[in-house]
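Presented below is the structure to which this report refers.
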Amino acid sequence: MNIRLARVEDLPGMQACNLQNLPENYTMKYYLYHALTWPQLSYVAEEDGKIVGYILAKMEEDVSEGDEPHGHVTSISVLRSYRRLGLAKRLMIQSQEAMATVYKAAYVSLHVRKSNRAALGLYRDTLGFTVKDIEKGYYADGEDAYAMRLSLKHLAR
Amino acid sequence: MPPAGIPPSRALPSKESSLFKEVLHYYEDRQLKKGLKTADTILKKFPNHGETLCMKGLILTHMGRREEGLELVKQGIRYDLTSHICWHVFGLIQKGQKNYEEALKSYTQALKFDKDNINILRDAAHLQTQLRHYDALVETRHTLLRLRPQLRQNWIALAVAYTLIGNLTEAKHVLEQFERIVKNVPDYDVEMSEVLLYHVRILEDLGEYTEALALLDSSAKSRMIVDRVAIMEHRARILSKLGKQEAQEAWQGLIEQNPDCYDYYKGFLSNRGIDLDAVTDENRAQALEILRDFSVQFRRAAAPRRIALTVATGDEFKELFEPYLRSRLAKGIPSVFTDLKALYRDPSKRETIESVAHALLDSLAHAPDAPCPSSIDPTMYIWTLYFLAQHHSHLGRHDRALALLDTALAHTPTLPELYMFRGRVLKRAGDPYGAARWIDQARLLDLQDRFLNARCGKYRLRAGLIDEAGEVFGLFTKKDAPSPAQDLEDMQSLLYLTEEADAQLRIGNYAMALKKYVAIQKVFDDFEDDQFDFHGYSVRKFTINIYLNMLKWEDTLRSHPAYVHAAIGASRILVQLHDNPSLATKAASESHLSEAEKKAKKKAKKAEKKVQEESKKAGNATNEDKGLEASPPKDDDPDGMKLLQSPEPLERAAKLLKPLSTLAKDNLEAWIAIYDVAVRRKKYLQALQALNQAHRLDAESPELHIRAVDFKRRWSSLSDSERPSETVANVVSSALPSLVPDEVSLEQFNAQYLQRHSSRGDAVLAAAKASRALGAPREEVEAAVFNALNADVVLDLETAVAIDAFLSEIQSPREDEFRAACKEKFPLSTLFAPCSELPALRKSAVHKPVVEANEEKEEVVS
């Protein structure tokens, strides 16, 4: 199980992984946009050439006056058959480090479905995210999202 | 005053001249209605003013009136062939149509008449990059730099152009100059950091390692490069190449930063002279010691422990393997088997794994009826059973695997993984219906999990239950999409498109199969188009290293297995169409849309009507900029019949297969497919080359054998008038004997092949097919394939199915006999069940019918 920076040739594998796991999907151009704008932030878990998990991350572009720069997790998932290995946690940690070091991100944010207990457990209990907000009807099927946030000040160099 | 040298028809009096300038401004601001009106005012007096006609055409295109717009632009050019504006507009339109070759021609024309026009130059640069005209790109970038040397990106873009033509030295010079003169770089500038990393990479690629290291270190110290991981990775690599002592520390540092990255361990060991892919007996002990130290230092990381399993052998392997397996099974990790699968290439390791796992199971086994004793960990028990099931199934022992799974299921009936794998075993054993049913049971255990849903859909497709697959996929696709299939296609799901295409092909629906294979081709065309915007974007963002990697990826894009498979699949259909044109008309008469497809068609028609109504309302009033790119066309060929009946199937097949000859040159199936098309197009040299390539890969391949016989037969029966030129004939005559010797007849050649491989089922079939092609009577051919059933012949399911298909093709009365014999030979398989049993089998494959969503009613969400 190899955890490393995402390469351009990994993008189709990340897209396939995403389509198998999550209902929020993107076309290739969006993946390219992430990789070619913030090449340091996306990571993959790979086994024998197959992408079994990934984190697709960026720095938030719409930053209002006075706001600190912050990172955002666009999408993260691991194939069901590769769970219980702590891959999501490791992927997240590598990405966060890069956000803090390269872009001086003050915090990282993400959205998670209110009903997704497993993900909530990971973000809140394992990684230390807190719920900042509830965004009603955030998802295409109408479900609410928790907007979560984690400070990265402890990673500042 | 209009400058001299302009054709009289272009010059406008001052009033109209100002109006024209207004048109240009309105266009730039996308005030389309005003622009249109102003253009019309000019045209009233000067109806043949080329430039105004072109601008009007451009504006109309932006408003969605594309055909009208294009007509006007073409008219406009005809009236003013030397106007850079006209050619620029034409180029813009062609670029919007993704017609890059033609667009570049137009831009080049435009530059003839306005050679320092920055907008045109920049667009031309992007097109030149897209088309890989790198020499021209260098010229263009030089011009842009000369015109605007104060723009940082012009420097970088020139360096990139030099890199692309392989002139790294010049690229380096450009960057050096840039770094000397650049001013006011803020602290901690990510863009400058990326430029420096690009520079370091160029130095590395030039082999100037000391210089690369110096630049890297000084930039790191001054905090000009802010990407710590990149610094560390470059450092470690360069120090290793320079053979410096510090390299070890550098690799150590990387491992500390990410102890889960295999590349770092590889680098560390490589630095100590140990190649992880080729460990020798001499350095094995040292490698293991290093890995042991890392395992202790990084207790949580799996990587050093797992790598050690690859390196160790014999008893040492066993010592390391046992605790590794134990700890993982105790944790209940589903992926233990896939993690270890690579080790199975080594038969002794395979045996060790089996014995250790079974010993573990024995220690955990307990009576099924009694509750689990407290000394035994039930989690570990279940996952050990699961692991061993995977182990045995992988080695073809499906019965054993099923027994282990059933024990586990009795113990823990709520674990989806057990149901999933039971389904998988049945699939391997040739029972796609049972397989689908078990996967469905897994799915029902967690309806929130899309992974289980996707698997279920896939297995239904494998069982030929195409509508039912769509229903299941539809639980997770967008509700406002025309159909689940369309959503998955829009989201570029290669897995789905491949499975659906294969499923349609299996049930003989050539039209739909071809449609889906072509949809895959389109996805890759879209991937190729995606890069276009980045030619400008990445230079503006200065993320050069990854941009260069992206171009490389695009260059070999179609080596992706999904494209290769689709190209081969589509070409097979097209070849069949060529051989048997009645297939197209037969399909037309039988064509019927499935229930799901009819529904989707209705929904699409409804949506289309709505759009038309809305656009009629809005049409005249809107200022909406629809851009230059046409929106994707509606699906006007829902059952694929139009595509199937398109002319020149062989040419289309050749086009699909073309990239494979360079990008899939070690793929035997690809060369076979290339042969089948080439020989029918009478391209004998190409056909021969394909055979030679296949021969290089596997000289005794059954598929190759069939084609070799086929080629010689075709070649020998060419009449004098059909024979190609003497040069071609000479090449063939000299090369053919190494594939098919001259001295023996084709019948003898075939018999010899059979003799050499009589214990291989696929070879038996190949020889029979060749025999048939040579005119052998049907009874003889039948008898030949029946030999595949003999006890001493290795016959796998795939070949048995292929033989069955062949018997069907030759309309053999012995087909049922063969199927009955296969049923005996493959007791778990349902692939040879009589047709009468099919409806019951299909019904059994769906555990519970999916509640269909009705547009008016509320959805039932379980």
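These numbers come from the heavy atoms of this one structure, side chains and all, not from hydrogens, waters or symmetry mates. Just so it is clear: chains get the letters A, B, ... in the order the sequence lines come, proteins before strands, and each one is counted from 1.
Under 4.0 Å is where a charged nitrogen must lie from a carboxylate oxygen, and between Lys29(A) and Asp530(B) no such pair does. The pair Lys552(B)-Glu9(A) does not count as a salt bridge, with every side-chain nitrogen at least 4.0 angstrom from each carboxylate oxygen. Remark: Arg83(A) engages Asp449(B) in a salt bridge, criterion side-chain N to carboxylate O under 4.0 Å.
Between chain A and the options Asp263(B), Leu488(B), Asn549(B), Val229(B), the largest number of non-hydrogen pairs under 4.5 Å is found for Asp263(B). Taking chain A as the reference chain and counting heavy-atom pairs below 4.5 Å, the highest number among Asp533(B), Asp490(B), Asp480(B), Asp529(B) is found for Asp533(B). Counting heavy-atom pairs under 4.5 Å between each of Thr338(B), Leu495(B), Ile333(B), Asp339(B) and chain A puts Thr338(B) at the top. By number of non-hydrogen pairs under 4.5 angstrom with chain B, the leading residue of Leu32(A), Asn2(A), Val102(A) is Asn2(A). Contact count versus chain B (heavy atoms, under 4.5 Å) is highest, among Leu36(A), Thr27(A), Thr37(A), Asn21(A), for Leu36(A). Of the listed residues (Ala562(B), Gly332(B), Ala454(B), Pro259(B)), the greatest number of heavy-atom pairs within a distance under 4.5 Å of chain A belongs to Gly332(B).
Looking at Leu11(A), neither its backbone nor its side chain comes within 4.5 Å of chain B, counting heavy atoms on both sides. Heavy atoms of Ser77(A) lying under 4.5 Å from chain B are absent altogether. For chain B, the nearby parts of Arg80(A) are the backbone and the side chain; heavy atoms of each come within less than 4.5 Å. For Leu452(B), the part lying near chain A is the side chain, with the backbone staying farther off; criterion is any non-hydrogen pair under 4.5 Å. For Asn25(A), the parts lying near chain B are the backbone and the side chain together; criterion is any non-hydrogen pair under 4.5 Å. Neither the backbone nor the side chain of Asp487(B) comes within contact range of chain A; no heavy atom of the residue lies under 4.5 Å from a heavy atom of that chain. Proximity to chain A (any heavy atom under 4.5 Å) is restricted, for Glu194(B), to the side chain, taken from C-beta onward. Both the backbone and the side chain of Met28(A) come within contact range of chain B, with heavy atoms under 4.5 Å apart. Heavy atoms closer than 4.5 Å to chain A are found in the side chain of Tyr537(B), but not in its backbone. Interface remark: Arg328(B) contributes no atoms to any contact with chain A (heavy atom separation under 4.5 Å). Proximity to chain B (any heavy atom under 4.5 Å) is shown, for Ala35(A), by both the backbone and the side chain. With a 4.5 Å cut-off on non-hydrogen atoms, Thr477(B) does not touch chain A at all. Heavy-atom distances place both the backbone and the side chain of Lys331(B) under 4.5 Å from chain A. For chain A, the nearby parts of Gln492(B) are the backbone and the side chain; heavy atoms of each come within less than 4.5 Å. Heavy-atom distances place no part of Tyr31(A) under 4.5 Å from chain B, backbone and side chain included. If you measure heavy-atom distances from Ser538(B) to chain A, the contacts under 4.5 Å come from the side chain alone. When heavy atoms are compared at a cutoff of 4.5 Å, Leu85(A) approaches chain B solely by way of its side chain, counted from C-beta outward. Within the 4.5 angstrom heavy-atom criterion, no atom of Leu494(B) approaches chain A. In this structure, chain B has a heavy atom under 4.5 Å from the side chain of Glu47(A), while its backbone stays farther away. For Gln15(A), the part sitting under 4.5 Å from any heavy atom of chain B is the side chain, from C-beta outward, and nothing else. Neither the backbone nor the side chain of Asp189(B) comes within contact range of chain A; no heavy atoms are under 4.5 Å apart.
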Query raised in the report: Step by step, would you call Glu46(A) with Arg4(A) a salt bridge (Lys or Arg N to Asp or Glu O under 4.0 Å)?
Result: CA-CA 8 Å; Glu46(A) 174 231 326; Arg4(A) 57 169 178 74; 3.1 Å; yes
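His560(B) and Phe524(B) have their aromatic ring centers within a separation under 6.0 angstrom. Taking the six-membered ring wherever Trp is involved, the centroid distance between the rings of Phe534(B) and Tyr547(B) does not fall below 6.0 Å.
No donor-acceptor contact under 3.5 angstrom links the side chains of Glu60(A) and Ser109(A), judged on distance only. Using modelled atom types and a 3.5 Å distance limit, the side chains of Thr74(A) and His34(A) yield a donor-acceptor pair. A donor-acceptor contact closer than 3.5 angstrom is absent between the side chains of Ser75(A) and Glu24(A). With 3.5 Å as the limit, one finds no donor-acceptor pair spanning the side chains of Gln257(B) and Tyr264(B). Side-chain contact check for Asn18(A) and Tyr26(A): no donor-acceptor pair (N or O, by modelled atom type) lies under 3.5 Å.
For the side chain to side chain contact (heavy atoms under 4.5 Å, CB included) test, residues two or more places apart in sequence or in another chain that qualify with Ser559(B) are Thr556(B), Leu663(B). In this view, Lys58(A) and Glu61(A) satisfy the side chain to side chain donor-acceptor pair (under 3.5 Å) rule, not counting sequence neighbours.
Tyr107(A) carries Arg149(A) over the face of its six-membered ring, with the cationic atom under 6.0 Å from the centre and within 45° of the normal. Geometric assessment of Arg113(A) against the ring of Tyr139(A) yields a positive cation-pi assignment under the 6.0 Å and 45° thresholds. At least one test fails for Arg305(B) against the ring of Tyr324(B): distance under 6.0 Å to the centre or angle within 45° of the axis.
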